[in-house]
Protein chains: 2
Amino acid sequence: MKTPYHETILEFFSEHRRMPSYAEIARITGLNSKSSAYHAANRLIREGWLVKDDAGKLIPGPRTSGIRLLGSIAAGFPSPAEEELADVMTLDQLLIRNPQATFLLKVTGDSMVDEGIKHGDLVLVERTTDIKPGDIVVANIDGEWTIKYFRRRGKQVYLEPANKKYRTIVPREELKIDLVVKAVIRQYR
Amino acid sequence: MKTPYHETILEFFSEHRRMPSYAEIARITGLNSKSSAYHAANRLIREGWLVKDDAGKLIPGPRTSGIRLLGSIAAGFPSPAEEELADVMTLDQLLIRNPQATFLLKVTGDSMVDEGIKHGDLVLVERTTDIKPGDIVVANIDGEWTIKYFRRRGKQVYLEPANKKYRTIVPREELKIDLVVKAVIRQYR
DNA sequence: ATGATAATCGAACGTTCGTTCGATGTCAAG
DNA sequence: CTTGACATCGAACGAACGTTCGATTATCAT
């Protein structure tokens with residue numbers, strides 16, 4: 001067989017956002033019977049590519065479906081052979097708590113470069129009322145959208161950039177902020 | 001009802017990594033019959049929370065399951081009401097091409113700060129043989145793991161940090177690099 | 001109160017599901 | 001060649017599936 005079954009099956013999963021039934025596994029793998037697909041799937045379960053949940057339904061196994069979260073670079077680095085107990089999870093699981101209130105925005109400008117947020121970066125933004133001083137927020141200040149630190153001195157709140165070229169912004173009108181930056185993502189390739 | 005059905009259902013999805021059957025929907029929502037669950041699901045489909053794929057199976061709909069990828073900050077910002085045609089996708093779909101060869105590493109040290117990669121950041125690393133000059137790579141150089149630019153002058157390859165405090169590294173022995181940084185992720189809350 | 005509209009229920013249907021079984025085919029080791 | 005381990009197949013099973021139906025109950029503006 002050209003491509004091992006697990007690749008075909010997991011490709012189906014990422015395309016359809018669900019696992020195939022055994023009939024579908026047979027179809028996409030070229031097997032001619034459900035029971036062949038059934039046995040093939042059991043092999044993949046033994047190998048860790050798939051697992052069955054409490055209800056007996058197939059779901060992606062520990063070898064797939066997520067990212068292996070490994071140790072730090074300086075602390076050493078597991079070899080490809082010894083991929084072991086490493087935490088496996090989805091990036092979404094890692095970064096997103098409230099999917100419905102979460103957005104991805106592209107940053108324009110360099111007002112946060114000293115914080116490591118550069119022009120073109122993506123920021124993962126969550127709509128929430130729980131904004132604390134020190135948070136990085138996306139705010140509509142005097143009719144324009146900006147990304148800044150949220151600061152407070154006494155009763156006065158203001159927005160501070162992470163770039164000496166820019167000035168702190170003290171809002172003249174009321175300041176309504178409900179977007180907090182939960183993560184920054186920069187893609188290289 | 002306390003929580004709307006779609007929240008309950010999508011919570012099931014993120015916990016179990018699959019959509020519930022109608023019997024399961026009935027159970028987790030408190031409905032007493034499959035057909036109630038069936039009708040409820042159809043309402044959610046009408047509202048965009050769920051969709052059925054070609055095979056009639058439920059999958060998360062455009063209102064959920066992913067992140068709305070919106071325009072740039074400076075270019076304006078859609079209000080919560082007008083969440084429309086925005087691209088919806090999973091962070092994994094956005095960032096990961098080859099799941100099996102992809103890792104997440106925590107960066108220690110500040111040798112890439114000028115590139116906006118700070119101590120404690122997570123780097124999404126893919127194992128590949130296709131390394132080009134200019135890429136940011138994770139390399140084992142003389143027995144130690146580091147993250148640097150991959151450069152080439154003539155036949156000589158070397159590793160360059162993004163921090164003036166550090167020096168360019170010219171490997172004394174052979175340099176085997178197969179880990180390229182595909183993205184940087186920094187979490188704030 | 002009244003009627004319209006929508007939500008829920010329980011029963012029933014044909015279909016598909018996961019699973020088991022026995023037969024057949026394939027291949028390498030003895 | 002024989003043996004055994006394993007992959008594949010087709011048929012069969014009951015269970016669970018998605019869906020439809022008609023009746024009952026809740027919701028709400030009139």
Side-chain angles (χ1 to χ4, degrees), chain A residues 1-66 81 88 99-100, chain B residues 1-66 81 83 88 100:
Chain A
M1 195 58 52
K2 274 279 173 53
T3 48
Y5 294 149
H6 64 88
E7 289 186 21
T8 310
I9 292 174
L10 294 165
E11 193 178 318
F12 183 100
F13 177 77
S14 47
E15 276 182 22
H16 294 74
R17 301 173 70 60
R18 66 175 176 87
M19 285 304 249
S21 68
Y22 292 105
E24 286 169 324
I25 292 177
R27 186 167 49 77
I28 62 179
T29 56
L31 293 168
N32 294 307
S33 76
K34 277 199 302 175
S35 73
S36 300
Y38 180 75
H39 292 304
N42 280 348
R43 268 171 257 142
L44 297 180
I45 290 173
R46 241 174 276 126
E47 293 163 15
W49 294 111
L50 310 176
V51 294
K52 292 188 189 181
D53 65 7
D54 314 323
K57 312 281 184 182
L58 289 179
I59 52 176
R63 292 267 293 266
T64 66
S65 81
V88 177
Q100 294 190 44
Chain B
M1 195 56 55
K2 275 280 173 51
T3 47
Y5 294 149
H6 64 89
E7 288 188 21
T8 310
I9 292 175
L10 295 165
E11 192 178 317
F12 182 101
F13 177 78
S14 47
E15 277 181 22
H16 294 76
R17 301 172 68 63
R18 65 175 176 85
M19 285 303 249
S21 69
Y22 291 105
E24 286 169 325
I25 292 178
R27 187 167 48 75
I28 63 180
T29 56
L31 293 169
N32 294 305
S33 77
K34 276 200 302 175
S35 73
S36 300
Y38 179 74
H39 291 304
N42 280 348
R43 268 172 257 145
L44 297 179
I45 290 173
R46 243 174 275 128
E47 294 163 16
W49 295 109
L50 310 175
V51 294
K52 291 187 188 181
D53 64 7
D54 314 324
K57 312 281 185 182
L58 289 179
I59 52 175
R63 293 266 292 267
T64 68
S65 81
E83 10 186 276
V88 176
Q100 294 190 45

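FYI, side chains are in, hydrogens and waters are out, and symmetry mates aren't considered; it's all heavy atoms of this structure. Per chain, numbering begins at 1; letters A, B, ... match sequence-line order.
- Nearest approach of A:L58 to A:I45, heavy atoms of both residues: CD2-CD1, 3.9 Å.
- Between A:R43 and D:dA5 there is no side-chain N or O to OP1 or OP2 distance below 4.0 Å.
- As a whole-Å value, the separation of A:I25 CD1 from D:dT8 C1' is 15 Å.
- Side-chain nitrogen and oxygen atoms of A:S33 include none within less than 4.0 Å of the OP1 or OP2 phosphate oxygen of D:dG10.
- Across all non-hydrogen atoms, the minimal contact from A:I25 to A:P20 is CG1-CG, 3.5 Å.
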Inset, instruction - Might you work through the side-chain contact (heavy atoms from CB on, under 4.5 Å) test for B:K52 and B:I59, ending with a clear yes or no? - result: CA-CA 6 Å; B:K52 291 187 188 181; B:I59 52 175; over 6 Å; no
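- Across all non-hydrogen atoms, the minimal contact from A:M19 to A:F12 is C-CE2, 4.0 Å.
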Please list each protein N or O that sits under 3.5 Å from an N or O in nucleotides 11-18 of chain C, with the distance.
{"unit_1": "C:dC17", "atom_1": "OP1", "unit_2": "A:S21", "atom_2": "OG", "d": "2.9"}
{"unit_1": "C:dG18", "atom_1": "OP2", "unit_2": "A:Y22", "atom_2": "N", "d": "2.9"}
{"unit_1": "C:dG18", "atom_1": "N7", "unit_2": "A:K34", "atom_2": "NZ", "d": "3.1"}
{"unit_1": "C:dG18", "atom_1": "O6", "unit_2": "A:K34", "atom_2": "NZ", "d": "2.9"}

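- Straight-line distance from the NE2 atom of B:H39 to the P atom of C:dT5: 18 Å, rounded to whole Å.
- Looking at B:E24 and B:R18, a side-chain N of the basic residue comes within less than 4.0 Å of a carboxylate O on the acidic one, giving a salt bridge.
- Summarising the geometry, atom CG belonging to A:L50 is positioned 5.0 Å from atom CG belonging to A:L44; distances are rounded to the nearest 0.5 Å.
- Summarising the geometry, the separation between CG on A:N32 and P on D:dA7 is reported as 17 Å, rounded to the nearest angstrom.
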